[in-house]
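Worth knowing before you read on, the calculation uses all heavy atoms, side chains too, and leaves out hydrogens, waters and symmetry mates. Read the numbers this way: they start at 1 and go in the same order the structure lists the ligands and their atoms.
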Amino acid sequence: MSLLIAVPNRDMTKLQILLSDALPEILIEIWPEIVDPLKVEFVLVWNPPKNLWCNLPNIKAISSFGAGVDGLIKNEPLPNAPVARIVDPKLADDMALYVLGQILNFKLRLNEFHVKQQKKLWQPKRAHQTSKVGILGLGQLGTKTAELLNLNGFEVSGWSRSEKKINNITCYHGDEGLIEMAKSSDYLVCLLPLTEQTKGILNYELFQHLPNHACIINVARGEHLIENDLLKALDNNEILGAILDVFQTEPLPKDHEFWLHPRIICTPHTSALTSINTIVEQIAENYQHMEKGEPLINLIDAKLGY
Ligand code: NDP
Ligand code: OXD
């Protein structure tokens, strides 16, 4: 039997070695080098190559290579098998720190002062008096981020699909809840999974409900944001700034307007990176679950798409 790593355009040799150590009884293969497609039972995948699934008729389990699963269905529908994702507790800590760091940077104008330093400009300015953060998505990453911001003195709200109660966090849900939260958010952080319902959620209409001094932080997926709507809202001074870690096209094309925009900060999809050791542990565990016919850990709900 074999486990296939289908993560095109990335060097997966180290992962192959670590998985072979963790699961010595099976063959660990890297796409497109497949000895016998009939023997592939488990696929670890990210951005699946075209026609991957139709050549693998015996798949019993699928796992995303990361926390998100949107990339799995990019080209073709998935085979009928349970789908899991990687849930790395350290990832949530890293994401929370990234969001806190970016908000503090914005609030204290550190980036502005750094730009002024290049021009030898001595122009003291008071920090932004903004402390209300609205978080779209209260899952593994959103909840941790909300808690850390709260511990650091921010007034935090969150929005989710289902109704929630979380200590010290004002929780919203539903379309009306979204608008209500937006109205009182100095910072709006997107930590939603990318689904049909959430695609393009960061759009001009939503931006108009935010205060004019608001800052958008997108750390989920590039497709959550309508890029031209962001540029329009910034040009019209309907919002103040944006911090983006994810983009519609990654790497961000060299001629993209975001690179040099004075009110947009870009980072290269680096806010939280899954550790290879967590991937190995969780894939080995799930392979064993699959073999014993037990439910996988960190399963997603295929109907909800996350
Ligand atoms: P979870 O699945 O744990 O949480 C998702 C949250 O979004 C839940 O609270 C869910 O609501 C909410 N949600 C989903 N759909 C809707 C909707 N239609 N309306 C309102 N709320 C909705 O995901 P994670 O926190 O683990 O990760 C979130 C995303 O972050 C990932 O999908 C991935 O795309 C991105 N990510 C980005 C990284 C980066 O480096 N930039 C790194 C890792 C992940 P409910 O609780 O009711 O189900
Ligand atoms: C993920 C990511 O989903 O890195 O894990 O974006």
Side-chain angles (χ1 to χ4, degrees), residues 7 10 15 44-47 63-74 83-99 101-102 134-148 156-166 169-182 188-203 206 216-225 243-248 250-252 265-276 278-279 282-283 297-306:
V7 182
R10 278 169 82 161
L15 183 62
L44 173 57
V45 61
W46 191 258
N47 293 334
S63 176
S64 168
F65 177 68
V69 293
D70 49 289
L72 268 58
I73 43 170
K74 263 203 174 132
V83 180
R85 66 184 187 124
I86 304 295
V87 175
D88 181 348
K90 176 79 175 41
L91 189 84
D93 292 339
D94 290 350
M95 181 59 86
L97 265 184
Y98 174 95
V99 173
Q102 289 288 11
I135 301 184
L136 303 172
L138 284 173
Q140 299 284 333
L141 305 184
T143 304
K144 198 70 190 203
T145 302
E147 287 167 353
L148 185 69
V156 186
S157 305
W159 182 70
S160 53
R161 192 181 46 78
S162 56
E163 202 173 340
K164 284 198 194 311
K165 277 203 176 93
I166 307 175
I169 313 294
T170 309
C171 295
Y172 295 96
H173 68 285
D175 292 347
E176 281 171 19
L178 173 62
I179 305 299
E180 217 181 314
M181 186 174 87
L188 187 72
V189 181
C190 181
L191 271 169
L192 289 165
L194 183 68
T195 64
E196 277 312 309
Q197 288 71 37
T198 65
K199 195 172 176 180
I201 194 163
L202 299 175
N203 57 44
L206 181 66
I216 311 287
I217 301 173
N218 189 16
V219 269
R221 286 291 181 266
E223 290 92 331
H224 283 125
L225 173 70
I243 293 155
L244 308 174
D245 184 53
V246 288
F247 304 90
Q248 302 238 345
E250 294 182 5
L252 186 62
I265 291 179
C266 301
T267 55
H269 199 144
T270 195
S271 49
L273 302 174
T274 307
S275 121
I276 192 164
T278 308
I279 297 179
Q282 290 185 10
I283 294 304
I297 57 161
N298 304 324
L299 271 177
I300 64 139
D301 182 330
K303 281 206 193 91
L304 293 175
Y306 71 98

For this session: State which residue, out of Asp88, Leu44, Asn298, fulfils the side chain to side chain contact (heavy atoms under 4.5 Å, CB included) condition with Gln282.
Result: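 Considering Asp88, Leu44, Asn298, a side chain to side chain contact (heavy atoms under 4.5 Å, CB included) with Gln282 is found only for Asn298.
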Purely on distance, is any nitrogen or oxygen of [X] under 3.5 Å from one on ligand 2?
| X | answer |
| --- | --- |
| Ala67 | yes |
| Gly66 | no |
| Trp46 | no |

**Q.** Nearest-contact summary for atom 4 (O) of ligand 2 - protein heavy atom, Å
**A.**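 Protein heavy atom at minimum distance: His269 NE2, 3.6 Å.
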*In ligand 2, which numbered atoms sit nearer than 4.0 Å to a non-hydrogen atom of Arg221?*
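Matching atoms, with element in brackets: 1 (C), 2 (C), 3 (O), 6 (O).
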So if I count the atoms of ligand 2 from 1 in the order they appear, which ones are less than 4.0 Å from some heavy atom of Gly68?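 In order of numbering, the contacting atoms are 1 (C), 3 (O), 5 (O).
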About how many Å separate [atom2] of [Y] and [atom1] of [X], when rounded to the nearest 0.5 Å?
| X | Y | atom1 | atom2 | result |
| --- | --- | --- | --- | --- |
| Leu136 | Leu188 | CG | CG | 4.5 Å |
| Leu225 | Ile201 | CG | CD1 | 11.5 Å |
| Asn47 | Leu72 | CG | CG | 8.5 Å |

Can you check whether [Y]'s main-chain N or O pairs, donor with acceptor, with [X]'s side chain at less than 3.5 Å?
| X | Y | answer |
| --- | --- | --- |
| Trp46 | Val69 | no |
| His269 | Pro251 | no |
| Asp70 | Leu194 | no |

Checklist entry - Taking everything shown except Asp301 itself, do over 12 heavy atoms lie less than 6.0 Å from its CG? => result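 Buried by this count: over 12 neighbours within 6.0 Å.
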**Study point:** Region of Phe65 engaging ligand 2 - heavy atom pairs below 4.0 Å
**Key:**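 Near ligand 2, Phe65 shows nothing, with every heavy atom at 4.0 Å or more.
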List, ordered by chain and residue number, the protein residues whose closest non-hydrogen atom lies under 4.0 Å from any atom of ligand 1.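 Its neighbours under 4.0 Å (heavy atoms only) are Ala67, Gly68, Arg85, Leu91, Met95, Gly137, Leu138, Gly139, Gln140, Leu141, Trp159, Ser160, Arg161, Ser162, Lys164, Leu191, Leu192, Pro193, Gln197, Thr198, Val219, Ala220, Arg221, Asp245, Val246, His269, Ser271, Ala272, Tyr306, given by chain and number.
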For Arg85, state whether at least one heavy atom is located under 4.0 Å from any atom of ligand 2.
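No heavy atom of Arg85 comes that close to ligand 2.
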message: Just by distance, no angles: are the side chains of Tyr98 and Thr267 close enough, under 3.5 Å, to form a donor-acceptor pair?
response: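 Checked: Tyr98/Thr267 side chains pair up, N/O donor to acceptor below 3.5 Å.
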| field | Ser162 side chain to His173 side chain, donor-acceptor N/O pair below 3.5 angstrom | value |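 Side chains of Ser162 and His173: no pair found under 3.5 Å.
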